[in-house]
Q: 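Shown below is the structure under consideration.
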Amino acid sequence: MSYIFRSLLACIFIFHFVTALGAVAQTGRPAKLQTEHLVRPLGIDVTNPRFSWVMVDGRTGARQTAYRIIVGKDSAGLKLKKNVVWDSGKIGADKSLVAYKGTPLEPFTKYFWLVEVWDKDGRPASAGSSFEMGMMKGGNWKGSWISDSQNRDTRPAPYFRKVFAAEKKIKSARAYIACGGLYELYLNGRKVGNHRMDPTYTRYDRRTLYVTYDVTGHLQNGKNAVGVLLGNGWYNHQSTAVWDFHNAPWRNRPTFCMDLRITYADGSVETLGSDRDWKTSLSPVIFNSIYTAEHYDARLEQFGWNVVNFDDSKWKGSIPRSAPSDNVVAQALHPIRNVDTLPAVHMNKINDTAYVFDIGRNISGVSKITVTGEAGTVVRLKHAERLYKSGRVDMSNIDQHYRPTDDTDPFQTDIFILSGRGEESFMPRFNYKGFQYVEVTASKPVKLKQSDITGYFMHSDVPVTGHIKSSNPTVDKIWFATNSSYLSNLFGYPTDCPQREKNGWTGDAHIAVETGLFSFDGITIYEKWMADHRDEQQPNGVLPSIIPTDGWGYEWGNGPDWTSTMVLIPWNIYQYYGDDRILRANYDNMRRYVDHITDIAPSGLTTWGLGDWVPVSTKPPVEFTSSVYYFVDVTIMAKTARLLNNTVDANRYAALANKIKAAFNKKYLNESTAIYGAGLQTELSMPLYWGLVPENLKAKVAANLAKKVSESNNHIDVGLLGTKSILNALSENGYADLAYTVASQETYPSWGWWIVNGATTLYENWRIDAKNDISLNHIMFGEIGAWLYKALGGLKPDEQRPGFKNVMLRPNFVSGLNEFEARHTGPYGEIVSSWKRSGSSVFYDVVVPANSTATVHFPADKKAYRNGTAVSSTLNIVAGKHRFEIK
């Protein structure tokens, strides 16, 4: 054999070998494994947890052809089928969200699961993860509910401690702690975990949450000390405001129940439960209110209170207490954390006892001060969103609903009393605020520098799933401000503002839900909040306007325009995640809520509601806006019933939707002019967006809307409900350029008007000089965040194949914008919709994740090309990267 021939064979061999390696490298593999939409969760209670994964495969047309899930107690034994509790077998399907169907899961048990997927070429790949069960039922608790002997009006927060021995080698340890109020848990002097304000707020007398921690690394052989500090939270509201939380039916001195479960190397298990043997004392936290602030007297510190050798001989014994509720369940959601650290960007020294700090942007959270001063010096940290011309902080826009009974609980003002022991630091434990500025005043002169104040942006730490980038800086700033307001109002439930209220206003939440779901992985928060809805719903289906509530809001502010959260939130979660569990869990509640509206509105129209809140200048009748949402709710009920194979309900609600539509159009639509009502922007946009306009009149109604907007000099004239519909109604009906012009305006009234006037969050009122309703961190006008994804990026879930199994892409290459990119990571991976102008062409780049597809709708008045070849105006594409030229 000649040298040349041998060399040729070698080259052929190497080519095939490299090609084979490349094929192996390109095999689709599972990643981002989650259980109950969380990564390796501890302490879950659900008996049939959901498993999900993403297939990573960048090849064109990448898809999953089959999967197999194996669950067991031994990670090493999964493939050997040792200790297996469920083996799904190989299933020829492209599903990547599957519920457990094995033998009953056991409490306190760690399970491992393996998912194997087969790609488009039939090649398998696998990945593993784990989850751990919690209490699962109330009878598994060993500890008692305990508190101190103080009454609910006692202001100082209580300490609790217990010393115990762990004499054998420790394999693992878990702490399970439930609480009425808030807590911080310590072991051997170290705080456990990085959560803030656990557990999240619920209707305490109907559902109490517990949290599980892995504390293996906190324990030592021999003696150990456990310490707990309790805060009031919403459970023991000692501040007074218009919503009467100080009169909540559950209100009491904070209480907790804890089990510390230790598994030893020899397999034995020991549980230390809270009981009357725990010692208690008052702490230096001399007052704490989740609504106002926290006060701390450093002179009262008891050093080492949570370590073994502390002398607790002067401490008292704990007392047993009844549980806040009989329903104690796992907190299975993304926790609240200090997510961002924001050092002060500017300091203004007023005098030797007064300083004002600017942290650079409006946030929800807390500030931390470091200061040196004489013992007994009282330092006040007053938090606000704006300044007077004098440079001092201005609270006049956020304290209007506070009703103090005396001057000992100043609004958003922490009080730190110095010990005089050198440099000291203070950061609240059981409170958060909405602020950008901190005014520090001291009873005696203190020296402060700019670095002595730091802000911490606190919120539910939901993973980021979306990003917007454009050639218009104002648009990008609007998107950033919208997300900042969304996160500032996410604390285990969606709120309206982080300063004066912190209430779970339902209307604000359903307006902003798509904004949240495009940019953040919020399903765990919304599933928890829908459980709050179930807790608050009256037997007749009525819901309060704020959820959770102490009882306020059943008689004001509720109605279909606000409490449609009962229907809209589950439906949107289903659309964005493709997970129908939230619909199944809430279907009966959804039905009772909608049926109540039917009972009180036999004509098909309802006057129950609040209306288009905080409008620019015009407002439709409440009957108009509430009847629209009644129609929306009933339409969703028909779809949900059909999805759940309830044909009777599906037909009933479909007929009812037609009845409402007919009644609405009969009263409000002038068919000859194609104008609804008085022709206001909200009156024209809501029927268009929500599907009430007869098909033959859509174009005329849309033209009337465009004319009305033009008459307003291309500015909005809507309130909260109108902001959900106005931009979408324009962009979905041929007026995307006009919608963009409205969205990007920088003069009053507009989102951009706020931005050019220094806003870093969204405001509550279009007028920045309004005398009321002018919180500077509100999410209720936040639909614009979702609109950027939906209209300019063209991204929408496909109702027939939800969860972005099929991505709907209908980008609008609007005039006045040269570049735009929307990214969203859905259940199947990252979707990219990006376009850029080049001369007379627009280049449109799309990324469709593996195991999904997309339907692209190009503008009807343009021609689209791929690789120089014209394509149809509607095109179905497979997973992979695609580039189009639009001319």
Q: Decide, yes or no, whether a salt bridge links E301 with R421 under the criterion of side-chain N to carboxylate O below 4.0 Å.
A: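 Salt bridge present between E301 and R421.
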Q: I want to know whether Y201 and W234 have ring centres closer than 6.0 Å.
A: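 Between W234 and Y201, which both carry aromatic rings, the centre distance is below 6.0 Å.
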Q: Rounded at 0.5 Å granularity, tell me how far OG1 in T271 sits from CZ in F108.
A: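 Rounded to the nearest 0.5 Å, the OG1-CZ separation comes out at 7.0 Å.
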Q: Return yes if a side-chain donor-acceptor contact under 3.5 Å exists between Y210 and D45, otherwise no.
A: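 Side-chain D/A pair, Y210 to D45: present.
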Q: Between W315 and F310, is the gap from one ring center to the other below 6.0 Å?
A: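 That pair passes the under 6.0 Å test.
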Q: Among F160, Y159, W141, exactly one meets ring pair (Phe, Tyr, Trp, His ring centres under 6.0 Å) together with F256. Which residue is that?
A: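 Of all the options given, the one that passes is F160.
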Q: Can we call the ring centroids of Y67 and W53 under 6.0 Å apart?
A: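 Ring-ring flag for Y67/W53: true, centres closer than 6.0 Å.
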Q: Do the numbers put K90 on top of the ring of W118, so that NZ or CZ is under 6.0 Å from the six-membered ring centre and no more than 45° off the axis?
A: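 Yes, K90 and W118 form such a contact.
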Q: For the ring pair F131 and F51, is the centre-to-centre distance below 6.0 Å?
A: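 Ring-ring flag for F131/F51: true, centres closer than 6.0 Å.
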Q: Does R50 make a cation-pi contact with Y100, if we ask for NZ or CZ under 6.0 Å from the ring centre and within 45° of the axis?
A: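 Negative - R50 is either too far from the ring of Y100 or too far off its axis.
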Q: From the options R152, R251, R253, select the one residue that forms a side chain to side chain donor-acceptor pair (under 3.5 Å) with N236.
A: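 Considering R152, R251, R253, a side chain to side chain donor-acceptor pair (under 3.5 Å) with N236 is found only for R251.
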Q: Look at E36 together with R581 and state whether they make a salt bridge at an N to O cut-off of under 4.0 Å.
A: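 R581 and E36: salt-bridged.
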Q: Walk me through it: do Y183 and L229 pass the test side-chain contact (heavy atoms from CB on, under 4.5 Å)?
A: CA-CA 5 Å; Y183 66 84; L229 171 64; over 6 Å; no
Q: Do you know the tightest heavy-atom contact between G28 and A125?
A: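 Taking G28 first and A125 second, the nearest heavy atoms are O-CB, 3.3 Å.
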Q: Is it true that R203 and D205 make a salt bridge, defined as a side-chain N closer than 4.0 Å to a carboxylate O?
A: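 Counted as a salt bridge, because a side-chain N and a carboxylate O are separated by less than 4.0 Å.
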Q: Could you check D461, I523, T200 and say which one makes a side-chain contact (heavy atoms from CB on, under 4.5 Å) with L333?
A: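 Result: among D461, I523, T200, T200 is the only option passing the side-chain contact (heavy atoms from CB on, under 4.5 Å) with L333.
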Q: Please check if the number of heavy atoms outside D326 that lie under 6.0 Å from its CG is greater than 12.
A: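 No, because the 6.0 Å sphere around CG of D326 holds 12 heavy atoms or fewer from other groups.
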Q: Using modelled atom types and a 3.5 Å cut-off, is there a donor and acceptor pairing between side-chain atoms of N151 and backbone atoms of T154?
A: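 Side chain of N151 to backbone of T154, a donor-acceptor pair under 3.5 Å: yes, one is there.
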Q: With a 3.5 Å distance limit and no angle check, can you tell me whether S147 reaches the backbone of P254 through a side-chain donor-acceptor pair?
A: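 Checked: pair present.
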Q: Assess whether atom NZ of K137 is packed by more than 12 heavy atoms of other residues, nucleotides or ligands within 6.0 Å.
A: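 At most 12 heavy atoms, drawn from other residues, nucleotides or ligands, come within 6.0 Å of this atom.
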Q: Could you tell me if K142 sits above the aromatic ring of Y176, with its cationic atom closer than 6.0 Å to the ring centre and no more than 45 degrees from the axis?
A: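 Cation-pi check for K142 and Y176: fails.
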Q: Are K433 and D414 within salt-bridge range, i.e. N to O under 4.0 Å?
A: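 Salt bridge present between K433 and D414.
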Q: Verify ring-ring contact (aromatic ring centres under 6.0 Å, His included) between Y577 and H37, making sure each step is shown before the conclusion.
A: CA-CA 10 Å; Y577 286 86; H37 297 286; 5.6 Å; yes
Q: Yes or no on side-chain contact (heavy atoms from CB on, under 4.5 Å) for K162 and W278, after CA distance, side-chain angles and deciding distance?
A: CA-CA 5 Å; K162 172 79 173 181; W278 285 52; 3.6 Å; yes
Q: Sub-3.5 Å donor-acceptor pair from the side chain of Q64 to the main-chain atoms of K95, do we have one?
A: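 It does hold such a pair.
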Q: Determine whether a donor-acceptor pair (N or O, by modelled atom type, separation under 3.5 Å) exists between the side chain of S460 and the backbone of G492.
A: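 Flag set: sc S460 to bb G492 pair under 3.5 Å.
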Q: Can you tell me if T208 and S325 form a side-chain donor-acceptor pair at under 3.5 Å?
A: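 Result is yes, a qualifying pair exists.
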Q: Is a side-chain N or O of N224 found less than 3.5 angstrom from the main chain of G222, in a donor-acceptor match?
A: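 Pair found, side chain donor or acceptor close to backbone of G222.
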Q: Tell me whether K191 at atom NZ has more than 12 heavy atoms from other residues, nucleotides or ligands lying less than 6.0 Å away.
A: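 Yes, NZ of K191 has more than 12 neighbouring heavy atoms, counting only those of other groups under 6.0 Å.
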Q: Looking at H218 versus Y186, is the centre-to-centre ring distance below 6.0 Å?
A: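 Here the rings of Y186 and H218 have centres that are no less than 6.0 Å from each other.
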Q: Taking the side chain from D214 and the backbone from R174, do they hold a donor-acceptor pair closer than 3.5 Å?
A: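 It does not hold such a pair.
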Q: Does the E132 side chain pair with the main chain of Y111, one donor and one acceptor, at a distance under 3.5 Å?
A: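 Flag not set: sc E132 to bb Y111 has no pair under 3.5 Å.
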